[in-house]
Amino acid sequence: MTKVFLDEPDIPTHWYNLVADLPTPPAPHLHPGTKQPLVPEDMTAIFPMGLIEQEASSERWIRIPDEVQEIYRLWRPSPLHRARRLEQALGTTARIYYKYEGESPVGSHKTNSSVPQAYYNKLAGKTRLTTETGAGQWGAALAFATQVFGMSCDVFQVRNTYDAKPYRRMLMQTYGATVTPSPSDTTEAGRRLQERFPGTTGSLGMAISEAIELAVQDPNASYALGSVLNHVCLHQTVIGQETLKQLVVFGEDLPDYLFACAGGGSNLAGLSFPFIRENLEGRGHVDIVACEPAAAPSLTQGEFRYDFGDSSGMTPLLKMYTLGNDFVPDPVHAGGLRYHGMSPLVSHCYHEGLLRAIAVKQRDAFAAGILFARAEGIVPASESCHAIAGAVAQARRATEAGESPVILIGVSGSGQLDLPAYAEYLTGDMLDA
Ligand SMILES: *Cc1c(COP(=O)(O)O)cnc(C)c1O
C-alpha cells in the first residue's frame, strides 16, 4: 500500500508535547503504594524506557523515529475534507471541515499510537504485547502494529463486545492476535472480578487489569494502553499538526470551533493540542469541545481527583476526571467511549478552562451520524458520531444567529463495522442512553 500524491505532502517529523506550553504543570502520576510521584523505575515492569520517558517528558517536540514515519506513510497524511454536502443538508451558514482518521489500516486513529508503542517495545527487546480492547479498535490497531514488527499480541476484549461484535475480533485474529473475552478465567484479576460482579458484561477497566497481570508475569512482555496516558496523547498529535497545515490549503485561518469525541481522550488530544498551542500563543480563539457519551460522562459529571486507570487498582494513580474505577457504564454502542476516567492531560486542560465538554445521548449521536453518512458518503464510527452531533448542533445555532463560523470535526474512525448499531437505530430499537 503506497499512496501516490502529485505533490508528495509532508507528514509530521515530530510529535507535539503540550506539556511544554501549559501555563500550569499537570499533576504527576502517583505510585499506588507509596502515593509518591512515579519515578521511571516504577514503570519498567510494564513499559519500555522509550515510552516511560515520553510519559514524563516536558520537551516540546519529540522526533518521530524514521521506522515509525515509514509505517505512518501507509495512511498519513489523513484527509481533511470540507463537508459541503453536509452544509447543504443542514442549510447552514457555517463552513464545516472534518479530519478523517478512518483511512488507517484498521479504520481509526488508534494506529497512530499502536505503531510507535510496538516500535519502542521492540527496541527494548520485547517480543509480546498485552492489552485490553472495548469495541476492538485498539486491539485491532495493536494487532496490526505487532504484526508489522514481528511480535505476538494478547488482547482481552470486553465480553459484551466480544460476543456482540465479532468482526473486529476476526480482524484481530486475522492480524495474528490471541483474543480472550474479559473478565476471563485465565487471570487472577479476571477470576476475582467475576466473583465480585457475577454475570458482568465486562468493562475496559476490568480488561486492563487482566492485560497488566499477564504482562507483569512474562519478562518478554509489555503492556500497551490505547488511550488516556500522556505518551498516547503525544503520538496522536500528528492529527492536529496535519490539520493546521491543511486548513491553510483551504484558505482558512484557525477554526472557531473544534469538536472531537472523548472516551479516554486520545483523539481529542491529538486533534486539539496543536490548536490549544495556537490559543495559548495568542494566534487563535478556537473553542474546543470534548463530546462524551451521556452513558459515561467523566468530564461533565465526574470528580477531578486521583484514581486508578483500571478496576483492580493495578495502574498508577492518575489525576483525572473520573466516575470511579468501579463504574460500569451502560453497554452503549460506542464501545470506545465506555471508560470511567479521562486522560490526565485532557482533564488538566478541562480544569484549566482550555477546553469544554458536552455529553451526547446515543440516539442523538446516531441521528447525526446518519445525516453525515447520507451527505458525505462516509459512515462514521459510533464514537465519532458524538463529535458530529456536537458540531451539527453548533452549526444549527450559528445559522439561527446568522453567523458563519468555521467548524472543525474530528472523525476518529470508520463505522463500517458498527453497522449493526446503525441498524438498531434505524429500526427504532436503540436505547436513548
Ligand atoms: C477508541 C476510539 C475512540 C475513543 O478513544 P479516545 O482515546 O477518546 O480517542 C474514539 N473513536 C474511535 C474511532 C475509537 O476507535
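Note that this is a predicted model, so its numbers are computed, not measured. For ligands, and for the atoms within them, numbers begin at 1 and follow the listed sequence. Throughout, residue positions are numbered sequentially from 1 according to the sequence presented.
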Chemist: Check ligand 1 against the protein and report each N/O to N/O distance under 3.5 Å, formatted as atom name, atom name, distance.
Modeler:
from	atom 1	to	atom 2	distance (Å)
ligand 1	7 (O)	Ser227	OG	2.4
ligand 1	7 (O)	Gly265	N	3.4
ligand 1	7 (O)	Ser266	N	2.8
ligand 1	7 (O)	Ser266	OG	2.8
ligand 1	8 (O)	Gly263	N	2.7
ligand 1	8 (O)	Gly264	N	3.1
ligand 1	8 (O)	Gly265	N	2.8
ligand 1	9 (O)	His109	NE2	3.1
ligand 1	9 (O)	Ser266	OG	3.3
ligand 1	9 (O)	Asn267	N	2.8
ligand 1	9 (O)	Asn267	ND2	2.7
ligand 1	11 (N)	Ser412	OG	2.7
ligand 1	15 (O)	Lys110	NZ	2.7
ligand 1	15 (O)	Gln137	NE2	3.3

Chemist: Side-chain atoms of residues 365-380: list all donor-acceptor pairs with protein atoms under 3.5 Å, sequence neighbours left out, distances to 0.1 Å.
Modeler:
from	atom 1	to	atom 2	distance (Å)
Glu376	OE1	Tyr98	OH	3.4
Glu376	OE2	Arg85	N	3.3
Glu376	OE2	Leu86	N	3.0

Chemist: By the salt bridge (charged side-chain N to carboxylate O under 4.0 Å, His left out) test, which pairs, at least two apart or in different chains, include something from residues 18-31?
Modeler: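 Salt bridge (charged side-chain N to carboxylate O under 4.0 Å, His left out) check on residues 18-31 returns Asp21-Arg60, Asp21-Arg277.
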
Chemist: Could Asp218 and Lys126 be called an ion pair, given the rule that one side-chain N must be under 4.0 Å from one carboxylate O?
Modeler: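 Answer for the salt bridge query: no.
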
Chemist: Is a side-chain donor or acceptor of Trp15 paired with a backbone partner of Ile62 at a separation under 3.5 angstrom?
Modeler: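 No, Trp15 side chain to Ile62 backbone: no donor-acceptor pair under 3.5 Å.
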
Chemist: Tell me which donor-acceptor pairs under 3.5 Å the side chains of residues 406-414 have, and how far apart each pair is, sequence neighbours excluded?
Modeler:
from	atom 1	to	atom 2	distance (Å)
Ser412	OG	Ser384	OG	2.8
Ser414	OG	Gln416	N	3.2

Chemist: Considering the options Tyr350, Tyr306, Phe327, which one meets the ring pair (Phe, Tyr, Trp, His ring centres under 6.0 Å) requirement together with Tyr321?
Modeler: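 The option that passes is Tyr350.
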
